[in-house]
Number of protein chains: 2
Amino acid sequence: MYERKIPVDLSCPLRLTMSLIDSKWKSCILDELRDTSMRPSELHKALPEATPRVLDLQLKELVDDGLVAKTIYPELPPRSEYSITELGRSLLPILDSMIAWGETNRELFEKKYGM
Amino acid sequence: MYERKIPVDLSCPLRLTMSLIDSKWKSCILDELRDTSMRPSELHKALPEATPRVLDLQLKELVDDGLVAKTIYPELPPRSEYSITELGRSLLPILDSMIAWGETNRELFEKKYGM
DNA sequence: TCATATACTGAAAATTTATTCGGTATACCG
DNA sequence: CGGTATACCGAATAAATTTTCAGTATATGA
C-alpha cells in the first residue's frame with residue numbers, strides 16, 4: 001500500500017473520519033453494501049463508472065480499516081463477497097445526512113455543475 | 001480553476017455533497033469558521049499544517065460554492081475576512097457527526113496510524 | 001479448442017491535488 | 001532606507017490518486 005510522504009494529522013477526529021471515506025468510491029461502496037453483501041462483479045454493475053481495479057483497491061482498504069468484511073468461498077470459478085461491518089454501519093448515518101443534504105441542495109448546483 | 005478531464009456524476013447526492021468537502025482542508029476550514037469569521041492569516045495560524053496557498057485556493061472554491069462568504073475591507077495593509085454562510089452552516093451537523101465518530105473510534109486506529 | 005467468466009495483481013501512465021517558490025502592491029515602524 | 005506584514009496570484013514541481021493494460025489461474029459451455 002502506498003505510504004504518504006506528507007503525513008496527515010489523524011489525531012484530529014474530523015480528519016480521521018474523513019480519511020476513511022474521502023476517496024473517490026469508498027462512500028459509494030459503503031452505501032451499496034448497506035442492505036446486502038455483494039460480489040465484486042455485482043458492485044461493478046452497481047457502480048459502472050468505477051473500474052474493477054479501483055473497486056478492488058478501495059475494498060482492500062475498507063477491509064483493512066475494518067469497515068467492510070470479506071468472505072472467500074473456495075470455489076471455482078472464484079467467488080468472494082463483501083459486506084459492511086458493524087463499524088462500517090456506524091458510518092451510515094453520516095452518509096445518510098450527506099445524501100439528504102445533497103438532495104435538498106441539488107438545485108443550487110445544477111447549473112454550475114451540469115447535471 | 002482546474003477543469004476535470006474525467007467528470008464525476010454529481011447527480012448522485014452523496015457524491016455531490018462529498019465533492020464540496022472532500023479536499024484536504026475544506027472540512028477543517030468550515031469547522032474553524034463555525035463560531036467566528038477569520039482573516040486568512042488567522043486561519044493559517046489555526047491550521048498551521050496548511051500552507052497559505054492551499055488555504056487561499058480552497059477558500060476560493062468554498063466561496064464559489066456558496067459555503068463561505070468573503071468580505072474585503074478597502075484598507076492598507078489589505079484586510080479580508082471569511083465567514084461561513086447559512087448554506088455552509090447547514091453542513092456543520094454532518095461535520096459534527098464525523099467529529100463524534102472520530103472521537104468514539106479513535107482508539108481503533110491509534111496503533112495502525114501512529115497517533 | 002476457444003471464448004467467457006470469475007477474482008485478483010503488478011506496473012506504467014494519466015489525472016488530480018497539493019506544495020513550493022517567487023512575485024504583485026502598499027503601509028507602518030525602526 | 002530596509003525589514004515586516006498584509007492578501008493574493010502564476011507557474012513549476014511534487015505528491016497522491018485513479019486509470020489503463022496486461023497478466024495470473026481455473027471451470028463452464030459452445
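All heavy atoms count here, side chains included; hydrogens, waters and symmetry mates do not. A, B, ... follow the sequence lines: proteins, then strands. Residue 1 opens every chain.
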Student: Is a donor on one side and an acceptor on the other found under 3.5 Å between the side chain of A:R39 and the backbone of A:R79?
Tutor: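 Checking the backbone N and O of A:R79 against the side chain of A:R39, no donor-acceptor pair under 3.5 Å is found.
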Student: Which residue, B:I84, B:L33, B:I29, forms the side chain to side chain contact (heavy atoms under 4.5 Å, CB included) with B:L62?
Tutor: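 Running side chain to side chain contact (heavy atoms under 4.5 Å, CB included) over B:I84, B:L33, B:I29 with B:L62 returns exactly one hit, B:I29.
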Student: With heavy atoms of chain B within less than 4.0 Å as the criterion, where does contact along DNA chain C begin and end?
Tutor: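 Extent of the interface on DNA chain C: C:dT15 to C:dA27.
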Student: Between B:D96 and B:R34, does any side-chain N to carboxylate O distance fall below 4.0 Å?
Tutor: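 Salt bridge present between B:D96 and B:R34.
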Student: Check the hydrophobic clustering (I, L, V, M, F, W, Y; side-chain heavy atoms under 4.5 Å; chains of links allowed) and say if B:L10 and B:I6 are grouped together.
Tutor: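 No, no single cluster joins them.
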Student: Contact list please: residues 40-58 of chain A against DNA chain C, heavy atoms, distance less than 4.0 Å, in numerical order.
Tutor: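 DNA chain C contact set from residues 40-58 of chain A: A:P40, A:S41, A:R53, A:D56.
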Student: Mind running a 4.0 Å heavy-atom check of residues 20-34 of chain A against DNA chain C and sending the residues that fall below it, in number order?
Tutor: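 Heavy-atom contacts with DNA chain C come from no residue of residues 20-34 of chain A; none.
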Student: Regarding A:R15 and B:E49, does a basic nitrogen lie under 4.0 Å from an acidic carboxylate oxygen?
Tutor: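 The answer is yes: the pair qualifies as a salt bridge.
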Student: Both B:I72 and A:Y2 contact DNA chain D. Taking the nearest nucleotide for each, which residue is further toward the 5' end?
Tutor: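 So the residue in question is B:I72.
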Student: Report whether A:L30 and A:L57 are members of the same hydrophobic cluster (ILVMFWY, side-chain heavy atoms less than 4.5 Å apart, transitive linking).
Tutor: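 Different hydrophobic clusters.
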Student: Under 4.0 Å between a side-chain N or O of B:Y82 and OP1 or OP2 of D:dC8?
Tutor: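 Answer is yes, contact under 4.0 Å.
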Student: Starting at NZ of B:K26, measure out to CE of A:M18 and round the result to the nearest 0.5 Å.
Tutor: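 The NZ atom of B:K26 sits 10.0 Å away from the CE atom of A:M18.
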Student: Could you check whether any side-chain heavy atom of B:Y82 comes within less than 4.5 Å of a side-chain heavy atom of B:S37, counting everything from C-beta outward?
Tutor: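 A side-chain contact is absent here, since even the closest heavy-atom pair is not under 4.5 Å.
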Student: May I have the distance from A:I6 (atom CD1) to D:dA15 (atom P), rounded to whole angstrom?
Tutor: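 Between P of D:dA15 and CD1 of A:I6: 6 Å.
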Student: Any sub-3.5 Å donor-acceptor pair from B:T17's side-chain atoms to A:M98's backbone N or O?
Tutor: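 Here the side-chain-to-backbone pair exists.
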Student: Stepwise, does the side-chain contact (heavy atoms from CB on, under 4.5 Å) test hold for A:S80 with A:Y73?
Tutor: CA-CA 6 Å; A:S80 65; A:Y73 298 91; 5.7 Å; no
Student: Could you tell me how far apart A:M1 (CE) and D:dT18 (P) are, to the nearest whole angstrom?
Tutor: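 Between P of D:dT18 and CE of A:M1: 13 Å.
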Student: Is it true that A:K70 and A:E81 make a salt bridge, defined as a side-chain N closer than 4.0 Å to a carboxylate O?
Tutor: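 No.
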Student: Classify A:Y73 by what it touches in the nucleic acid, base, sugar-phosphate, or nothing, heavy-atom distance under 4.0 Å.
Tutor: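 No contact at all - A:Y73 keeps every heavy atom at 4.0 Å or more from the nucleic acid.
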